[in-house]
Amino acid sequence: MNDSFKDECAVVGVYNCKKAAFLAYYSLFSMQHRGQEASGISSSENQKIITIKNRGLVTDVFNQDNLMQLKGSMAIGHNRYSTAGEDSIFDAQPIFARYGLGEISVVHNGNLINAQALRDMLIARGSIFQGFMDTEIFIHLIAQSNKAILQDRILDALQQVKGAYSLVFLSRSKMFAIRDPYGLRPLCLGKIYNDDGSCGYVVASESCAFDLINAVYIRDVLPGEMLIFKEGNPPESLMISERKIPHPCIFEYVYFARPDSKVFGRMVYSVRKEMGMQLTKEKPVEADMVIPVPDSGVAAALGYSQASQIPFELGIIRNHYVGRTFIEPTQSVREIKVKLKLNPIAEIIRDKRLIVIDDSIVRGTTSRQIVRLLRDAGAKEIHMRISSPPTISPCFYGVDTPNKDELISARMDLEQICTYIEADSLAYLSLEGLRNSLKCHPDELFCQACFDGNYIIS
Ligand code: AMP
Ligand code: SF4
């Protein structure tokens, strides 16, 4: 799998709101954790679509002046995740195009698994691609469809793609929000009460976007649902395919989503805390204190501490002004970045037996580095507890994971990993424990392929 084809990110769509681009901007700001490589917004005022996008954080790309240029009551926006591959402006979104029916712009979170076949087919028909993203494929399929109206052309395109997608399309007068039939990636719907008494609507990857703009969470966009926003009305709902059994991404709860978001109908914070409680039940150990790897392990560590009655301490402090370490292409740079980011408080942990909670081990670099930092700071024992099962398989549906041979749990057993990270003990939450934390009905399914290797779409 080519790293550059990956497409993790945040999407937002704002409909029927004054200064929609400003609301999209705030929403993207609150979802910055889902992507830091590039950011962009398209807006429309019934006449034409204007797009501004660039590499960098939301606050690097936008300012008062360029946001003022994004006029109109409809806007869509996107944050792109950093990957090890292409890092080009052509891979920033939204993707805008002029085509047979006028103007269109699109934002996408997810990954198509038949992207290469579609790309080859489109190139053979004469299409020219600017970047490497799956998202451009939607534009070409829509442009080449022979259907008379945009809605039907989008449906036509969706029949041909396979994979994970939460999409928002903007035309000059309408907005369409779509979730793939398995509901792999999140997308929720909110309402905004405008000053003049009218209602606006917003769709976003995570509900934390709604909090900042005073939108009220209504519900998730359903798996396989298209919401059509037009003529200032509440959205019309249309199912895009026959019913499939939804498989939303369980990893959103483990790591990707913000804890103050509601994802797939559940508060992420509560789920993560419950994961820590389950972990205490499954993998108890005697120790003097529970410390989280900030920020990803905080909620689970609180749960572990409360259930075990072992005191919680912030034994490691995180410097928030350094990007995430996972994204760096070479091992040595990654190691330096861990040190830049995390600093133990020696006075707290010296001579103590520690339970260290993190959400996941991917390559093992972070854990090994953390264990070393804690030992150097005088910790007596270090017991790593991970609030998810071993990550054994890569994700093909839009979460950035390395190739299988780089996943430490695909190469080593528990004992070997424990030795590699130099901990006194290591234990993971079971898949059953993870599902218990979600308090799901036995029939409720999730995609958990990175933990069990069962891919629902192939
Ligand atoms: P590693 O050093 O590769 O084992 O990285 C593990 C760390 O990366 C954990 O602390 C996780 O919080 C974090 N992590 C897990 N999944 C991802 C992801 N998809 N993108 C970025 N970071 C991640
Ligand atoms: Fe989520 Fe893992 Fe499935 Fe990817 S493979 S969609 S990260 S659960």
Side-chain angles (χ1 to χ4, degrees), residues 1 3 6-9 33-37 81-84 109-111 113 163-166 180 182-186 246-257 259 263-264 272 292-301 316 318 323-329 331 333-335 337-339 341-342 356-372 384 386-404 406-412 417 420-421 426 428 431 434-435 438 445-458:
M1 190 168 62
D3 269 338
K6 294 211 208 88
D7 192 20
E8 302 73 21
C9 51
H33 61 290
R34 294 183 76 87
Q36 297 100 44
E37 185 183 66
Y81 198 92
S82 302
T83 63
N109 174 206
N111 233 168
I113 59 157
Y165 48 87
S166 283
D180 71 72
Y182 290 101
L184 277 151
R185 304 259 63 86
H247 282 69
C249 166
I250 208 163
F251 205 77
E252 289 280 348
Y253 292 114
V254 172
Y255 173 76
F256 223 54
V263 164
F264 311 132
R272 285 194 188 148
V293 175
D295 294 324
S296 50
V298 173
I316 306 171
R318 178 174 167 166
R324 291 182 183 189
T325 58
F326 185 85
I327 56 181
E328 290 299 332
Q331 195 75 5
V333 178
R334 247 195 322 273
E335 281 174 7
K337 279 190 105 179
V338 174
K339 281 192 184 160
K341 196 164 76 168
L342 301 172
V356 181
I357 311 279
D358 204 355
D359 67 291
S360 57
I361 298 183
V362 181
R363 294 184 175 91
T365 326
T366 312
S367 303
R368 184 184 165 111
Q369 203 69 24
I370 286 167
V371 172
R372 284 187 181 172
M384 283 296 290
I386 306 299
S387 60
S388 68
T391 310
I392 55 157
S393 283
C395 177
F396 300 107
Y397 309 137
V399 168
D400 187 22
T401 45
N403 295 333
K404 193 166 176 110
E406 287 179 72
L407 294 170
I408 194 166
S409 298
R411 293 187 285 118
M412 297 185 191
I417 300 172
Y420 175 80
I421 66 170
L426 166 69
Y428 291 83
L431 200 45
L434 177 55
R435 284 183 56 90
L438 290 157
L445 296 178
F446 286 90
C447 176
Q448 49 197 41
C450 47
F451 301 128
D452 67 9
N454 291 325
Y455 295 94
I456 37 156
I457 323 174
S458 49

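These values consider heavy atoms only, across backbone and side chains, with no hydrogens, waters or symmetry-generated copies. The structure presented is a predicted model; accordingly, all values stated were derived computationally and were not measured. We count residues from 1, following the sequence as given. Order of listing sets the numbers, starting from 1, for every ligand and every atom in it.
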Taking C-beta and beyond as the side chain, do I361 and S409 meet within less than 4.5 Å on heavy atoms? no
Assess C395: does it contribute an N, O or S atom lying under 2.8 Å from atom 4 (Fe) of ligand 2? yes
Please walk me through it: do D358 and S296 pass side chain to side chain donor-acceptor pair (under 3.5 Å)? CA-CA 6 Å; D358 204 355; S296 50; 2.9 Å; yes
Which pair of heavy atoms, one from K404 and one from I392, lies closest together, and at what distance? NZ-O, 3.1 Å
Run through Y397, F251, Y81 and flag the one making a ring-ring contact (aromatic ring centres under 6.0 Å, His included) with F256. Y81
For atom 2 (Fe) of ligand 2, the closest protein heavy atom turns out to be C450 SG, 2.4 Å
Identify, by atom number and element, the atoms of ligand 2 in contact range of I250, meaning under 4.0 Å from any of its heavy atoms. 8 (S)
Any N or O on V293 sitting closer than 3.5 Å to an N or O of ligand 1? no
Hey, are the side chains of I457 and L184 touching, using non-hydrogen atoms and a 4.5 Å cut-off? yes
Within this structure, what is the CG-NE2 distance for the pair N454 and H247, rounded to the nearest 0.5 Å? 9.0 Å
For V399, counting its heavy atoms only, list the atoms of ligand 1 lying under 4.0 Å from any of them. 19 (N)
Within the 4.0 Å heavy-atom shell around D400, which atoms of ligand 1 are there? 18 (C), 19 (N)
Contact with ligand 1 for D358, non-hydrogen, under 4.0 angstrom: yes
H247 contact mode with ligand 2 (heavy-atom cut-off under 4.0 Å): neither
Atoms of ligand 2 under 4.0 Å from any heavy atom of Y397, numbered from 1 in the order shown, are 6 (S)
Rounded to the nearest 0.5 angstrom, the SG-CG distance for C395 and N111 is 7.0 Å
Counting from 1, what ligand 1 atoms have a heavy atom of D359 closer than 4.0 Å? 9 (C), 10 (O), 11 (C), 12 (O)
Does the residue S367 have a heavy-atom contact with ligand 1, meaning some pair of atoms that are separated by less than 4.0 Å? no
Could you tell me whether S360 approaches ligand 1 through its side chain, its backbone, both or neither, with non-hydrogen atoms closer than 4.0 Å? both
Under 4.0 Å to a heavy atom of V399 - the qualifying atoms of ligand 2, by number: 7 (S)
Using side-chain heavy atoms (C-beta onward) and a distance below 4.5 Å, is L434 in contact with Q448? no
Does a side-chain heavy-atom distance below 4.5 Å link S388 with D359? no
For the residue pair F264 and Y253, categorise the inter-ring angle as parallel (less than 30°), tilted (30 to 60°) or perpendicular (more than 60°). perpendicular
closest protein heavy atom to atom 1 (Fe) of ligand 2 is C249 SG, 2.3 Å
Report yes if some heavy atom in the side chain of P246 is under 4.5 Å from a heavy atom in the side chain of Y182; otherwise report no. no
Give the atom numbers and elements of ligand 1 that come within less than 4.0 Å of a heavy atom of I361. 4 (O)
Minimum-distance pair of heavy atoms, taken over all atoms of I408 and R363: CB-O, 3.5 Å
Where is the nearest protein heavy atom to atom 3 (Fe) of ligand 2: which residue, which atom, and how far? C447 SG, 2.3 Å
Given F251, F256, Y81, which has its nearest heavy atom closest to atom 21 (C) of ligand 1? Y81
Going by the order shown, which atoms of ligand 1 are within less than 4.0 Å of some heavy atom of R363? 1 (P), 3 (O), 4 (O)
Does ligand 2 have any atom that is closer than 4.0 Å to a heavy atom of R185? yes
